[in-house]
Amino acid sequence: MNKLANYKRLWMVLIVGILAFILEFGAHQNGVAQVLVTVLGSLIALLMFVDMVKTLRSGKFGVDLLAITAVIATLAIGEYWAALIVLLMLTGGDALEDYAANKANSDLKQLLERSPQTAHLIGETKRDVAVNEVQVGDRLLVKPGEVVPVDGTLVSGTTMLDESSLTGESRPVDKAVGDTAMSGSVNGDAAIEIVADRQAKDSQYQNIIRLVKQAEAQPAHFVRMADRYAVPFTLLAYVIAGTAWAISGNPERFAEVLVVASPCPLILAAPIALVAGMSRASQNGIIVKTGTTLEKLAKVKTIAFDKTGTITKGNLTVTDVVPEDGTTETQLLALAATAEQQSNHILARAIVAAAPDQLPNAENLTEVTGGGVQATINGQVIKAGKADFVMPDNSIQKTGVTAVYVSADNHYLGHISFADELRPEAKTTMTALHGLGIDHLLMISGDRRPIAEKIAKAVGIDNVNAECLPSDKIKVLANIAPEQRPVAMVGDGVNDAPSLVTADVGLAMGASGATAASESADAVIMKDDLGRVVSATKIARYTMKIARQAVLIGIAICTILMLIASFGVIPTIIGALLQEVVDTVTILYALRARSQRADV
């Protein structure tokens, strides 16, 4: 049943109800009112039956079967007001679910917003063209700070590309002539020229979007709580109603039982509890797109995390200052910061941020793209940057980590190393998730294995999958054992979008994350706080606890009413009104998911 149809059906029931009320009690046209309600009820019952058949064919059990039977039965015996009340309850519940989903999605942007749209074509004619017009072999200019439009090979210039949104690698990657540039990566401070190796539709960024669409087309099978309770409740209702009819010989008894058996708790109580839980989540800075997301999250047994921008902040910071003999850490850091202070390079900004407040004066500052910086400080020529730039004779033994090397008058002074900074709440988040009984925490990162394993050990993650491209991440999630499902995935970059869709529950760090990740996820954490994953899990579990209790309370009351109605002491119109009392009780209880404070 599509969302627009749900709203239309609700309005149809409301309008026909008002007209029937006016006709019967204002114009005293009882027959016309009955015909109007009967025609509408039959039409909606038919449409709902078609929708229910589609639902059954998809392998799910629709909770509408009892309500449809109740509508048909009450219309058959002329109790059209009872039928109208049941229809109002049924269409109202469906519209309520759709309202919640639409409200949650209204704050999110489109998936393709960040996708490159234009390319600078150079050669015989220089002009800007739509990225879809780029052909293999075209020569393109990529300006500083621009997104690479298609996969290509560098033919002129050197630069550093930020590929973090594609691979998860937090540090910029050096690129020289002959190296490959992936579409979606962000160019550094120097203009470069590339030759297109692929068209836009075949490039890396579009491949990620294609993976997202494929994953959306193959959603994981999930049985909602309402569907699980629907089968036994439906069978129970039919047994009681059929027995009452058989023993009494009165077909009205069948309708009287089914009116009070109409699955209001399943149709209304659960959705309202879920809406209340979604509202509570939004108050905690978490946008949950659908109630089904809360149902899945409450059962999660495995949570997978991206590294860069999720467990870490995605910002490189100085971790070690390693001077050679005769130089102090303070001197080394001050000289490097003085030379780097006018550079916009990410490592330069990190050095300046860690340096002392008082820096010496510098003259003749120059920056060599792809190499480093050079300046005259206190009469010495200071170089800071790559090892072969600082000491052209290659006398420096390189470290295995991201580092800036420093020399003075071609005399090596030492190096400064960097690492992505951990989120301060990362370790406590993992501890709290373990405390909730989620024993399988894993990292799926595009970063190098030594770095990923170091981060995982520091925060308490159980398993590491490193050097993963988007397609690799999907494979890791697909290979998680059934007993360790449902699985949630937490990420923030474009490269996480396919895996967020593939996972049973996708959680995007939306405060600084890519639009693709936020749009692809089932829930978006709007506050830059990884601890909200714990809050979301607790809210989901509490919400489902309240929803389950509300449903069971409603079923218990309905069962008692069915048994009483089977003796013929509850007329159909009174039964329909009693069903509204059951609605009220279950709804008020379900709203506790929002008002009752959970430990979050």
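Values reported hereafter were calculated over all heavy atoms of this structure, with side chains retained and with hydrogens, waters and symmetry mates removed.
Under the 4.5 Å side-chain criterion, counting only non-hydrogen atoms from C-beta, V390 is not in contact with V406. By the 4.5 Å heavy-atom criterion applied to side chains, R280 and T543 are not counted as neighbours. At a threshold of 4.5 Å between non-hydrogen side-chain atoms, the residues L422 and I455 count as touching. Using a 4.5 Å cut-off on side-chain heavy atoms (C-beta onward), M160 and D162 make no contact. When side chains are defined from C-beta on, T158 does not count as touching V177, because their heavy atoms never get closer than 4.5 Å. Residues P486 and E295 are not in side-chain contact: their nearest non-hydrogen atoms beyond the backbone lie 4.5 Å or more apart. The shortest distance between side-chain heavy atoms of V381 and Q374 falls below 4.5 Å. When side chains are defined from C-beta on, F305 does not count as touching M489, because their heavy atoms never get closer than 4.5 Å.
The distance from the CG atom of L477 to the CG atom of D472 is 11.0 Å, given to the nearest 0.5 Å. Here the CZ-OG distance, from R198 to S183, works out to 9.0 Å after rounding to the nearest 0.5 Å. Taken to the nearest 0.5 Å, the CD atom of E133 stands 8.5 Å off from the CD atom of Q135. Atoms CD1 and OG, on I286 and S535 in that order, are 5.5 Å from each other to the nearest 0.5 Å. One finds the CG atom of L436 at 6.0 Å from the NZ atom of K538 (value rounded to the nearest 0.5 Å). For the atom pair H434 NE2 and I438 CD1, the distance stands at 9.0 Å (nearest 0.5 Å).
A side chain to side chain contact (heavy atoms under 4.5 Å, CB included) with L140 is found for exactly one of I192, V134, I122, namely V134. M443 pairs with exactly one of D462, D306, V476, I311 by the side chain to side chain contact (heavy atoms under 4.5 Å, CB included) rule, that one being I311.
Judged by distance alone, the side chains of D320 and H415 never bring a donor and an acceptor atom under 3.5 Å apart. Judged by distance alone, the side chains of E367 and S343 do bring a donor and an acceptor atom under 3.5 Å apart. For the residue pair H411 and Q380, no side-chain donor N or O sits within less than 3.5 Å of a side-chain acceptor on the partner.
Considering every non-hydrogen atom in both A540 and L294, the closest pair reads CB-O, 3.5 Å. Closest of all the heavy-atom pairs between S185 and L161 is OG-CD1, 3.9 Å. Considering all non-hydrogen atoms of both residues, A362 and Q341 come closest at CB-NE2, 4.1 Å. When every heavy atom of A196 is checked against every heavy atom of V150, the shortest pair comes out as CB-CG2, 3.8 Å. In terms of heavy atoms, T293 sits closest to A523 at CG2-CB, 4.4 Å. Considering all non-hydrogen atoms of both residues, T338 and L365 come closest at O-CD2, 4.0 Å.
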**Request:** Would you please test E467 and R449 for salt bridge (charged side-chain N to carboxylate O under 4.0 Å, His left out) and show each step?
**Result:** CA-CA 6 Å; E467 301 176 20; R449 178 164 291 279; 5.7 Å; no

**Prompt:** Can V490 and M509 be said to form a side chain to side chain contact (heavy atoms under 4.5 Å, CB included), step by step?
**Reply:** CA-CA 7 Å; V490 185; M509 300 291 290; 4.2 Å; yes

**Message:** Could you walk me through whether E146 and H120 satisfy the side chain to side chain contact (heavy atoms under 4.5 Å, CB included) test, starting with their C-alpha distance in whole Å, then the side-chain angles of each, then the deciding distance to 0.1 Å, before giving a yes or no?
**Reply:** CA-CA 11 Å; E146 287 189 339; H120 308 301; 2.8 Å; yes

**Request:** For the pair F418 and V318, evaluate side chain to side chain contact (heavy atoms under 4.5 Å, CB included) and give the outcome as yes or no after the intermediate values.
**Result:** CA-CA 5 Å; F418 306 81; V318 173; 3.6 Å; yes

**Request:** Start with the C-alpha distance between H440 and K301, add both sets of side-chain angles, then the distance that settles side chain to side chain contact (heavy atoms under 4.5 Å, CB included), and finish with yes or no.
**Result:** CA-CA 7 Å; H440 192 211; K301 296 179 181 178; over 6 Å; no

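Under a cut-off of 6.0 angstrom, the local environment of CD in Q342 is sparse, with at most 12 non-hydrogen atoms contributed by other residues, nucleotides or ligands. More than 12 heavy atoms of other residues, nucleotides or ligands sit less than 6.0 Å from atom CG of D409.
N187 places a side-chain N or O within donor-acceptor distance of the main-chain N or O of K143, the cut-off being under 3.5 Å. Looking only at distances, a side-chain donor or acceptor of E425 sits under 3.5 Å from a matching main-chain atom of L530. Of the possible donor and acceptor atoms, one in the side chain of T312 sits under 3.5 Å from a partner among the backbone N and O of K307. At distances below 3.5 Å, at least one donor-acceptor pair connects side-chain atoms of K175 with backbone N or O atoms of T180. Using a distance-only test at 3.5 Å, with no hydrogens or angles considered, no donor-acceptor pair links the side chain of T327 to the main chain of P323. Within the 3.5 Å criterion, the main-chain N or O of T328 finds a donor-acceptor partner in the side chain of Q331.
Partners of T118 according to the side chain to side chain contact (heavy atoms under 4.5 Å, CB included) rule, which considers only residues two or more places apart in sequence or in another chain, do not exist here.
Cation-pi geometry between K386 and Y405 is not met: the NZ or CZ atom fails to fall both under 6.0 Å from the ring centre and inside 45° of the normal.
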